[in-house]
Amino acid sequence: MVDLFVILVSAIFVNNFVLARFLGICPFLGVSKKVETALGMGMAVTFVMTVATVVTWFVQYFVLIPFGIEYLQTIAFILVIASLVQLVEMVIQKVSPVLYQSLGIFLPLITTNCAVLGLAVLNIQKDYTFLEGVTFAIGAALGFTLALVLFAGLRERLELSAVPPSFRGTAIALITAGLLSLAFMGFAGLVKG
Amino acid sequence: MLAAILSLGCIGLVAAIALGFAAKKFAVEVDPRELAVLEVLPGANCGACGFPGCAGYAKALVAGKIDLNQCPPGGAELVTQLANILGVEASAAAPEVAVVLCQGDNHRAQLKYRYLGLEDCTAAQKIADGPKSCPGGCLGLGSCQRACPFNAIEITPEGLAVISREKCTGCRKCISVCPRQTIRMTPLESTVHVLCNSHDKGALVRKYCQIGCIGCHICQKTVPQAYRVENFLAEVVYEEHLVAMEAIDKCPTKCIRDFATGYPDGSSLLPSTDPEKSDAA
Amino acid sequence: MSQQLYLSSSPHIHSGETTSDVMRAVLFSLLPACVVAVYFFGPPALAVLLIATLGCMAAEVICQCLMGQPVSSADGSAAVTGVLLAFNLPPTSPWWLTLLGAVIAIVIGKQVYGGLGSNPFNPALVARVVLLISFPVHMTTWSLPAPLGSGLDLVTTATPLGVWKNAVMLTGHAPPEMQAGTLSFFLGDMPGCVGEVSALALLLGAAYLFYRRILTWHIPVAYLGTVVLLSGIFWLVNPEKYPDPVFHLVTGGLILGAFFMATDMVTTPVSMTGMLVFGVGCGVLTVMIRLFGGYPEGVSFAILLMNAATPLIDRYTRPKAFGMPRGEGWR
Amino acid sequence: MAIKLKTFCGGIHPPGNKQWSAHKPIEDCPLPEEFIVPLAQHIGAPSTACVEPGQLVAKGQTIGAPKGFVSVPVHAPTSGEVVAVEPRPHPWGTSLPAVVIRPDGEDRWAEELEAADPNDLYPEDMVERVRLAGVVGMGGAAFPAHVKMSPPPEKKIHTLIFNGVECEPYLTADHRLMLEEPERILQGIALLRFIYGAERVVIGIEANKPDAIALLQAECKDTPVEVIALEVKYPQGAEKQLIAAVTGTEVPSGGLPMDIGVAVQNVSTAAAVTDAIIYGRPLIERICTVTGSAVREPKNLRIRIGTPLSHLVAVCGGLLEEPGKIILGGPMMGFTQTSFDVPAVRGSSGLLLLREEEVVCQAEGPCIRCARCVQGCPMHLLPTTIAAYARRNLVAEAAEYRAMDCIECGCCSYNCPATIPLVQAIRYGKAAIIAKKRALTL
């Protein structure tokens with residue numbers, strides 16, 4: 001139990017996927033203009049990450065290892081994740097057109113998102129059990145959502161402030177992301193994970 | 001090797017089946033014409049059409065609810081493209097630009113009081129009808145400038161809005177925010193305008209503005225077909241703009257202006273040097 | 001005659017207190033701590049204070065000139081940032097470190113966001129954290145206080161929090177000698193950053209700000225209350241390993257943080273509920289980082305993290321508008 | 001022992017500046033050379049002129065007929081000749097139709113006005129007499145009183161509050177009225193109580209008028225009317241804040257006081273109701289405080305509606321210096337005027353002349369989020385956020401932050417260290433919200 005908690009806290013705060021591991025920067029910058037959209041994206045990522053972890057774990061331990069083809073890990077994972085995200089996209093488009101519209105082109109981006117692939121690979125590297133892996137995935141996704149929502153809040157506020165023209169848009173977003181990442185350094189050493 | 005190929009192939013197959021199934025089960029109907037229309041629209045989402053963004057306009061177009069010429073930034077070219085996609089006859093709109101019908105900046109026009117507060121024309125207009133004595137004159141607080149999606153409007157240091165004819169796309173955003181209807185849409189080909197918006201009697205106009213139209217009819221007497229005077233205010237009959245310049249020198253208050261020869265004083269907008277554009281005719 | 005009249009929207013009278021009045025009051029309230037700093041750390045502390053303050057003001061003027069904006073250093077906000085930055089640096093900081101901090105605070109922390117009022121993070125803390133991460137050695141070299149006239153040289157040592165953290169890491173329990181000096185810590189006789197050492201001087205300044213109604217009680221009370229409560233629980237559970245709440249209060253930058261850094265108006269929520277949430281958040285994060293984190297001191301990081309959360313807090317803690325049923329649609 | 005005075009949450013404490021005129025007894029203002037009686041003096045449809053240039057009118061004669069239910073007639077302030085019916089500068093800022101009357105000096109009452117014994121009247125008759133007399137809310141908003149007095153039958157009024165707060169700085173008109181003519185007010189209160197059938201009747205007075213509180217308390221000793229002293233705080237006299245202070249209940253957002261069974265009337269409205277019901281006299285005069293540092297001798301004047309401001313200034317000994325601002329109403333919610341040519345109207349509780357150096361003309365600075373506007377807002381809104389959205393034309397966001405609940409009291413702007421014109425920005429946003437709603441319903 002304690003182990004799982006440590007994994008969770010570590011993935012959310014200490015080794016935050018976006019702000020400490022710098023994975024998934026593209027949606028972090030792209031889908032963080034509005035808090036609502038960020039929440040939607042966060043939920044989509046949480047879902048994808050969790051499902052991807054489950055599937056890749058099974059692929060790893062029931063397909064790749066038994067057949068001795070671990071060297072195909074990357075390509076197999078990409079294949080699985082890509083088709084999975086396609087599936088999610090179709091479902092969302094049908095079930096919630098509003099959410100689909102606000103997530104826009106970034107849903108397909110989860111397909112090739114290094115955060116998801118990175119998570120799957122890290123899971124295997126760290127020799128996590130199935131339960132640990134899922135916990136790690138949820139933690140990572142929550143961390144991603146946390147960073148995304150915090151950042152979206154900041155950007156919404158920036159919209160109302162008098163940022164000099166040359167810094168408007170992505171420039172100031174990158175600076176803010178840097179400062180946010182600095183603040184997250186405070187969690188360093190909180191738990192060894 | 002065989003195991004690798006087989007297992008990857010199997011994974012691929014499973015994924016393909018799942019996707020194929022989902023494509024059937026969760027298919028969403030999108031009118032292909034809508035996508036095609038969206039493709040050709042400028043994508044500025046300026047809202048000039050009155051719909052929320054280009055996607056909204058595309059939807060309305062495909063539904064056949066409106067005319068094809070509601071997108072000023074797209075211009076005539078877009079109208080023909082849209083007509084091709086939607087299979088309708090095109091009715092091209094003549095290109096238009098917005099013009100500020102006022103030259104009464106803070107030096108030339110009288111102020112009735114000193115205004116304190118929000119830098120916004122609509123807000124100032126609510127306080128005793130705006131600080132300018134002239135009821136139609138430009139307040140120069142820059143509401144149109146902030147509304148312009150194309151940065152085509154500047155406010156001169158003397159407090160007058162000036163619209164660049166090169167940058168203006170005719171989107172009408174400025175018109176909707178101007179509380180005094182000082183900005184008008186005019187045909188791009190006509191460069192001559194009576195730059196005044198006051199319907200007050202000549203004597204009153206003289207009192208509060210050095211450069212306002214006093215309704216003296218001299219322009220109309222000089223070129224009868226090119227000017228119309230109503231309620232003490234002259235107006236160019238734009239169909240006859242070619243001969244309208246003849247009256248420019250005759251105007252006693254110099255409120256008729258030919259933009260082909262440059263912008264009002266104080267504006268940093270350079271005189272139009274492109275011969276194509278200045279004699280667009 | 002009518003041309004001389006002013007017309008405007010109501011109201012037509014004003015409290016008379018302007019932004020620069022507020023900034024001046026904050027500067028004034030920081031004076032006692034400045035005096036104590038110079039008393040305990042001598043000329044080096046004075047140098048840090050001067051370089052940081054003048055550096056910030058100069059950086060602001062240069063920035064605004066370069067960007068073609070009207071120069072607004074007269075409002076005093078850059079000076080406040082400068083003094084607060086100096087308060088967050090060790091008295092032994094070399095001049096270039098201080099100056100770099102000043103430039104980071106003003107340029108990255110404030111001007112790129114559009115100047116006063118637009119920055120989401122406290123500029124002084126941004127600079128401190130950047131320096132702490134970039135120059136850990138310089139930023140964690142502390143010296144024993146050597147009161148003016150005592151003839152002592154500045155001796156390199158560690159802060160009480162640092163000593164405690166080291167002891168816990170090495171031996172698993174608190175160093176016995178640390179529990180003794182609460183009163184001298186309170187007066188400022190401890191190694192630490194320029195402005196954080198004397199809780200007494202800081203409280204004096206804070207009292208003045210309360211008197212001027214520039215501070216409200218919400219953030220400091222929520223912050224300190226949370227720290228006392230949380231550290232008290234840990235202390236009761238294991239007094240061997242965790243220090244008592246009073247130790248937490250008087251050591252490190254907690255008082256400075258709670259009254260002067262976490263209350264920076266620009267980077268904190270605007271509603272009362274929001275301020276309470278902000279304060280509690282700061283408290284929790286501070287205790288967590290102090291007790292379990294890699295850094296001995298967590299105040300800066302805690303405040304920066306809560307700064308980041310401020311827009312969200314603002315969003316979800318809107319006051320209940322007059323005439324709205326409690327807990328419906330609003331909040 | 002200090003008793004905790006009733007009040008509301010939020011608000012500000014601007015300097016009262018009432019000492020200049022608080023001790024000055026009400027003086028009758030002599031007739032000016034010319035009256036300018038605007039046809040629009042109340043919220044609702046303006047009345048239409050029913051006299052012509054050249055016609056002779058008597059004091060109290062109807063010169064403007066009401067148009068619709070939310071509208072009241074306009075009466076001649078004195079006897080004389082109608083000189084013109086034309087647009088004239090109006091306190092609201094634009095030129096609006098007005099009847100210009102040159103007095104003949106006789107000040108002869110019209111014959112059609114009849115006194116009545118209130119014991120013979122039904123409440124409906126009383127309301128009708130109030131309507132015909134053109135009585136409006138005299139606190140400044142000038143909402144037709146008869147509309148307020150005819151709540152729909154399902155909205156039973158149980159509490160009737162009389163507003164003697166006068167929280168606007170400088171103004172002392174209501175204060176003097178309460179001191180000098182309490183019987184007129186109390187008669188009106190009795191009549192209104194009868195009309196509404198209210199169980200509880202309260203007069204709320206700010207604690208800075210102890211003489212008025214003592215006097216009215218003594219007068220109301222054996223009546224069911226309570227006189228309550230309220231904490232000195234602006235905007236204690238705003239309708240919703242007054243109700244909150246007296247009853248402890250909040251008027252629902254977007255609703256009216258009648259939704260919680262409360263009605264509020266100004267004390268001077270009560271006095272006007274007495275005149276209308278008992279004497280049949282229309283609303284042609286009111287008490288107006290002429291004050292400010294640019295006036296030689298601040299006074300409380302009983303003025304006729306339609307008196308030009310220049311005349312009021314002359315009666316008060318003229319100007320000490322050219323004013324920087326001419327404000328009709330109080331300094332917190334009054335309207336600045338372009339000249340002294342505009343007339344005082346029914347809602348004009350004061351004329352305030354500020355010297356040029358008193359005018360707040362500091363350049364606007366950036367918002368430092370000090371939250372003073374939030375702490376001061378009596379409606380518990382976030383003024384800085386609403387203003388920021390309104391200025392960027394983010395109408396939906398401004399509406400979501402409840403811009404429409406703003407009562408424009410000015411507390412936020414008063415407190416703002418950056419001198420941001422918050423009220424003006426919010427007002428702008430409100431106009432945009434209304435325009436958008438209208439566009440959507442069309």
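Lettering of chains follows the sequences in order, A, B, ..., and the numbering in each one begins at 1. Predicted model, so just to flag it, every value in this text is computed and none were measured.
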Does a sphere of radius 6.0 Å around [atom1] in [X] hold more than 12 heavy atoms from other residues, nucleotides or ligands, not counting ones at 6.0 Å or beyond?
X        : atom1 : answer
B:Glu230 : CD    : no
D:Glu364 : CD    : yes
D:Phe335 : CZ    : no
B:Lys201 : NZ    : no

Open item on the list: For B:Gly117 versus D:Pro421, what's the shortest heavy-atom pair and its separation?
Closed with: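 Smallest interatomic distance, heavy atoms only, reads C-CG, 4.0 Å.
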
TODO: Check whether any side-chain heavy atom of D:Gln424 sits under 4.5 Å from a side-chain heavy atom of B:Ile127, and report yes or no.
DONE: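 Yes, side chains in contact.
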
Open item on the list: Using side-chain heavy atoms (C-beta onward) and a distance below 4.5 Å, is D:Arg391 in contact with B:Leu118?
Closed with: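 They are in contact (side-chain heavy atoms under 4.5 Å apart), so the answer is yes.
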
Open item on the list: Could you measure the distance from the CG atom of D:Asn393 to the CG atom of B:Asp120? Nearest 0.5 Å is fine.
Closed with: 7.5 Å

Task: D:Val360 portion near chain B, given a 4.5 angstrom heavy-atom threshold - done: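 Contact with chain B: backbone only.
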
